[in-house]
Asks: 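A single structure is presented below for examination.
Just so you know, ligand 1 is whichever comes first in the structure, and atom 1 is the first atom listed for that ligand.
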Amino acid sequence: MTFTSAALNRIKPSPTLAMTTRTLELKRQGKDVIGLGAGEPDFDTPDFVKDAAIEAIRAGKTKYTNVDGTHELKEAIRAKFKRDNGLDYAVDQISVNVGGKHTLFNALVATVNPGDEVVIPAPYWVSYPDIVQFAGGTPVFVKAGVEQSFKMRPEQLEAAITPKTRWLILNSPSNPTGAAYTEAELKALGEVMKRHPHVWIMADDMYEHIVYDDFRFTTIAQVCPELYERTLTVNGVSKAYSMTGWRIGFAAGAPWLIKAMAKLQSQSTSNPCSIAQAAATAALNGPQDFLEERNAAFQRRRDLVVSMLNQINGVTCPKPEGAFYVYPEVSGLIGKKTPSGLVIENDEMLIGYLLDEFGVAAVHGTAFGLGPAFRVSYATSEEILEDACTRIQKACGDLR
Ligand SMILES: Cc1ncc(COP(=O)(O)O)c(C=O)c1O
């Protein structure tokens, strides 16, 4: 007998984590598999951050903390928002949670009621719709495909908003496409939002620091001050500081919302790990120059992958502004046959073929709500990426 809740039955396991698990399992079996599925940097957590954690343990910072974050970390987050985004927040406007996913989970579960709608541009990060559905809400997708550089247009946003809309989720730079909104594009979306005061904005800025060329990151509360009051600006240390395993995410917004999130957290996880909080404090307060060095490495990898994938007939791979993903569109490959006679009917089959026959693990686009495409995470060495892209070229070249 099993007995699962209706809320649980509304969600599915994360497809990106499932691909990571499958890749690890194949590697354990001794198979030659290159994993391009994981959404985490291959760089190590900086030493000064690790030292701060060790110091915290020695200093006995091993007890419960304030439910939604230590005062020290909240001050570091306030300083970060001021420094990086020109945004002023008071301490009671800051929430610290067990990773960025938890931040988004808390905010949505604390505010969404059955019948509420949440506008999500597609392709989207896999967890948004599931968290909305877990909360009882309805995701409303806005299709932003390769032909519009994976960015939602103002008129599409306008058309998606109804009296039931509660939130708009904006993720820039984006997982899975790497696309990032310019200041002008954010302002244009902001103009629409100004006309709909019942809709709040969740700005997921997780990849803020990972941008290329001369792209200048901005966030909506900064460029549309009129929307500051109803924007929850979400960020974390996972991606920029290579701290995915430490599990610290945070958000800044209206005091009532921060309090609501703390209430939920007080009855679920309680405080995020005290040691991880000390490490995150050090990361935010410490030297930031290594971010630029790492970005230079990411940019070389992006350029390599984009160039190699665009050499394939039937594949269109735009060059993204940020994050460490590319999202090649593959409609030209659908309907073709593998050498063993299998017809590639969709992107999921393409991904299965790449993994089974060529040992390359990526994630199919329909998992992110818009295909046919797949997501490549290029957070690995140029040597490995070159090997992987050569395999993808061969695999696609073998299709007839
Ligand atoms: C767009 C986006 N938001 C939030 C998160 C969550 O990050 P964390 O690992 O801190 O929970 C991720 C992680 O993949 C992400 O890609």
Side-chain angles (χ1 to χ4, degrees), residues 13-21 35-43 45 49 69 73 77 80 95-109 118 120-132 139 144 150-152 167-181 201-211 217 219-220 232-252 261 265 268-269 272-273 276-277 279-280 283-284 298 320-327 362-363 367-370 375-379:
S14 160
T16 46
L17 293 185
M19 183 49 99
T20 305
T21 309
L36 302 179
E40 64 181 353
D42 56 326
F43 299 116
T45 303
V49 175
L73 179 50
I77 292 166
K80 171 257 168 301
S95 179
V96 184
N97 324 98
V98 186
K101 189 181 283 189
H102 188 220
T103 306
L104 295 157
F105 185 91
N106 278 350
L108 288 165
V109 172
V118 177
I120 304 174
Y124 46 73
W125 179 52
V126 289
S127 293
Y128 300 141
D130 286 83
I131 300 175
V132 168
F150 302 121
K151 296 185 204 179
M152 178 174 60
W167 287 101
L168 158 69
I169 302 183
L170 270 186
N171 171 217
S172 169
S174 146
N175 177 1
T177 67
Y181 291 97
I201 305 157
M202 210 170 278
D204 180 347
D205 297 345
M206 215 53 157
Y207 296 91
E208 158 178 23
H209 291 297
I210 307 175
V211 289
F217 172 87
T219 191
I220 195 152
L232 184 72
T233 305
V234 178
N235 213 314
V237 293
S238 295
K239 312 289 174 170
Y241 301 93
S242 295
M243 292 177 68
T244 46
W246 299 76
R247 311 308 303 134
I248 297 291
F250 52 83
M261 291 165 68
Q265 188 155 310
S268 51
T269 59
C273 167
Q277 288 192 72
L284 294 174
F298 275 139
E321 293 90 351
F324 39 73
Y325 309 105
V326 291
Y327 201 68
V363 185
F368 303 98
L370 199 75
R375 187 192 75 173
V376 166
S377 164
Y378 55 82

Asks: Is it true that F324 and Y207 have ring centroids separated by less than 6.0 Å?
Replies: yes
Asks: Does some side-chain heavy atom of Y128 sit less than 4.5 Å from a side-chain heavy atom of P139?
Replies: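 Not in contact.
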Asks: I'd like the atom pairs linking ligand 1 to the protein - N or O on both sides, separation under 3.5 Å - with distances to 0.1 Å.
Replies:
unit_1   : atom_1 : unit_2 : atom_2 : d
ligand 1 : 3 (N)  : D204   : OD1    : 3.4
ligand 1 : 3 (N)  : D204   : OD2    : 2.6
ligand 1 : 9 (O)  : S238   : OG     : 3.4
ligand 1 : 9 (O)  : R247   : NH1    : 2.9
ligand 1 : 10 (O) : G100   : N      : 2.7
ligand 1 : 10 (O) : S238   : OG     : 2.6
ligand 1 : 11 (O) : G100   : N      : 3.1
ligand 1 : 11 (O) : K101   : N      : 2.9
ligand 1 : 11 (O) : R247   : NH2    : 2.7
ligand 1 : 14 (O) : K239   : NZ     : 2.7
ligand 1 : 16 (O) : N175   : ND2    : 2.7
ligand 1 : 16 (O) : Y207   : OH     : 2.7

Asks: Got E208 and K80 here, is their nearest side-chain heavy-atom distance under 4.5 Å?
Replies: yes
Asks: Step by step, work out the side chain to side chain contact (heavy atoms under 4.5 Å, CB included) result for V49 and Y241.
Replies: CA-CA 9 Å; V49 175; Y241 301 93; 5.5 Å; no
Asks: With sequence neighbours left out, what residues match S377 under side chain to side chain donor-acceptor pair (under 3.5 Å)?
Replies: none
Asks: Kindly compute the distance separating CD1 (I131) from CG (L108), expressed to the nearest 0.5 Å.
Replies: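 The CD1 atom of I131 sits 6.0 Å away from the CG atom of L108.
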